[in-house]
Amino acid sequence: MDLRLALHELAAQHQLDALSNLKLQQLAGLNREPARLAYWLPRGVAVLAAALGGFGVILWIAANWDTLGRFGRFALLQALFTLMCAGALLKPAARVPLGLLALLAIGALFAYFGQTYQTGADPWQLFALWAVLALPLTWSARSDVLWAPWALIVVTGISLWIHAHTAHRWRVEPQDLGVYAAGWSAVLGLTLALSPLLRRWSGAGAWALRTTVTLATIMITSTAVGGLFRDSVTPLYWLGLLLLALAGIGLASRQLFEIFGLSAVSLGLNTLLILGLGRALFHNSHGDNWFGAMLLLGLVAAGLLAGTVSLLLRLSRRYAEQPETQHEA
């Protein structure tokens with residue numbers, strides 16, 4: 001509901017004069033500074049400045065590629081990383097944005113190293129090394145500003161590892177079940193590491209978990225869909241269904257409940273179920289009774305969506321009311 005519109009309707013209903021209308025708006029807090037704006041605004045600007053600054057350094061090096069020698073490029077990137085780490089160590093108030101700049105500098109350094117020396121290493125190895133070297137930095141900052149991009153780096157490395165071990169073709173074949181199972185297990189392990197169960201140890205917050213859950217859901221769902229639409233359904237489809245169902249059960253528990261992550265997993269699970277039903281209805285049907293099949297598929301999809309939304313709302317209300325119940329007890 002639009003609060004300002006509701007106040008205008010209330011003022012018109014009671015025929016308030018200008019002074020009374022102004023007092024009503026003051027009581028509603030329309031002209032008041034948003035809550036915690038003074039806390040979040042400088043931090044948000046600092047993080048944005050760090051991200052744009054790191055991106056700007058990379059573009060500056062690219063623009064001066066011919067004038068800077070190999071030594072100059074390496075020296076600039078290494079000096080940037082060293083200065084940002086030193087600043088994060090000496091200036092705790094700026095630790096998060098400076099840590100983000102250092103994280104980006106590590107990636108730029110490895111990207112330039114890979115382009116310069118052509119070591120023949122697979123791209124996943126550079127991402128894995130980037131993640132390992134950035135882990136102490138991310139861990140010490142204990143902020144989602146670093147954990148979320150670090151999770152993106154790790155998931156990208158896992159995806160590239162799967163690509164490298166499936167003949168560099170993103171193929172979805174039954175013989176690749178072990179590769180995908182290992183990659184998906186690693187992503188789910190990362191999700192668990194960034195979950196509230198280990199928050200006191202990692203310092204990761206909600207956005208790190210949301211990033212990981214969303215990326216894991218996209219990875220598993222897209223591959224499982226590919227396994228579904230083979231000539232014969234591969235075990236990858238059933239494994240994807242199982243893993244998403246287990247992830248949904250875990251995120252629906254009180255310890256791990258996260259409405260954004262649970263919604264993403266539910267969407268992936270619903271997608272696989274509806275597409276599986278569609279294949280069962282239309283595969284080898286030769287167009288017989290297609291209208292009835294479409295009607296059945298639409299009804300099942302609508303019912304599944306309604307049931308999922310109802311379950312999410314019920315869980316959200318239950319966990320929101322539970323602390324109040326415990327406090328009253």
Side-chain angles (χ1 to χ4, degrees), residues 124 127 151-195 197 208-253 256-284 293 296-298 300-309 311-312 315:
W124 73 266
F127 276 90
L152 177 61
I153 294 167
V154 174
V155 175
T156 303
I158 294 172
S159 300
L160 293 173
W161 179 85
I162 293 175
H163 178 259
H165 288 80
T166 52
H168 297 274
R169 290 193 300 132
W170 294 113
R171 70 185 183 192
V172 182
E173 300 289 348
Q175 65 266 27
D176 299 322
L177 178 62
V179 175
Y180 281 104
W184 292 351
S185 299
V187 173
L188 293 179
L190 174 66
T191 304
L192 181 63
L194 298 179
S195 69
L197 292 177
L209 179 63
R210 291 169 181 174
T211 301
T212 310
V213 170
T214 303
L215 294 174
T217 302
I218 294 173
M219 176 190 295
I220 295 174
T221 303
S222 58
T223 307
V225 169
L228 174 65
F229 289 104
R230 306 289 298 175
D231 293 335
S232 59
V233 180
T234 67
L236 285 169
Y237 172 73
W238 304 110
L239 180 61
L241 270 179
L242 176 62
L243 291 180
L244 288 181
L246 292 176
I249 293 173
L251 290 172
S253 64
L256 296 176
F257 180 73
E258 214 291 311
I259 188 65
F260 182 95
L262 185 56
S263 299
V265 171
S266 300
L267 178 60
L269 191 58
N270 285 358
T271 300
L272 292 183
L273 290 173
I274 296 303
L275 291 178
L277 177 60
R279 176 185 169 91
L281 291 174
F282 293 102
H283 188 63
N284 296 328
L296 176 61
L297 185 63
V300 172
L304 191 59
L305 178 61
T308 301
V309 172
L311 177 62
L312 290 174
L315 288 174

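Everything quoted here is computed from the prediction, not taken from an experiment.
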Heavy-atom pair of closest approach, residues [X] and [Y]:
X: A182; Y: W161; answer: CB-CH2, 4.0 Å
X: V213; Y: G261; answer: CG1-O, 3.5 Å
X: Y237; Y: L272; answer: OH-O, 2.7 Å
X: L236; Y: A224; answer: O-CB, 4.0 Å
X: L297; Y: G278; answer: CD1-N, 3.8 Å
X: R279; Y: R230; answer: NH1-O, 3.0 Å

Starting at [atom1] of [X], measure out to [atom2] of [Y] and round the result to the nearest 0.5 Å.
X: L273; Y: L304; atom1: CG; atom2: CG; answer: 6.0 Å
X: L194; Y: R210; atom1: CG; atom2: CZ; answer: 13.5 Å
X: L152; Y: F127; atom1: CG; atom2: CZ; answer: 8.0 Å
X: I158; Y: S185; atom1: CD1; atom2: OG; answer: 10.0 Å
X: I249; Y: L244; atom1: CD1; atom2: CG; answer: 11.0 Å
X: L192; Y: L256; atom1: CG; atom2: CG; answer: 7.5 Å

Q. Can you tell me if T223 uses its side chain to pair, donor with acceptor, with the backbone of I220 under 3.5 Å?
A. no
Q | Donor-acceptor contact below 3.5 Å, side chain T214 vs main chain T211 | A | no
Q: Before giving the answer on side-chain contact (heavy atoms from CB on, under 4.5 Å), spell out for L239 and W184 the whole-Å C-alpha distance, their side-chain angles and the decisive distance to 0.1 Å.
A: CA-CA 10 Å; L239 180 61; W184 292 351; 3.9 Å; yes
**Q.** Audit row: L262, L315, side-chain contact (heavy atoms from CB on, under 4.5 Å) steps and yes/no
**A.** CA-CA 10 Å; L262 185 56; L315 288 174; 3.9 Å; yes
Q. Going through the checks in order, is the side-chain contact (heavy atoms from CB on, under 4.5 Å) test met by L267 and S263?
A. CA-CA 6 Å; L267 178 60; S263 299; over 6 Å; no
Q: Kindly indicate whether the side chain of T234, heavy atoms from C-beta on, has any atom under 4.5 Å from the side chain of L177.
A: no
Q: Compare all side-chain heavy atoms of V187 with those of L215 and state whether any distance is below 4.5 angstrom.
A: no
(Q) Working note: F260 + L209, criterion side-chain contact (heavy atoms from CB on, under 4.5 Å); need CA distance, chi angles, decisive distance, verdict. (A) CA-CA 9 Å; F260 182 95; L209 179 63; over 6 Å; no
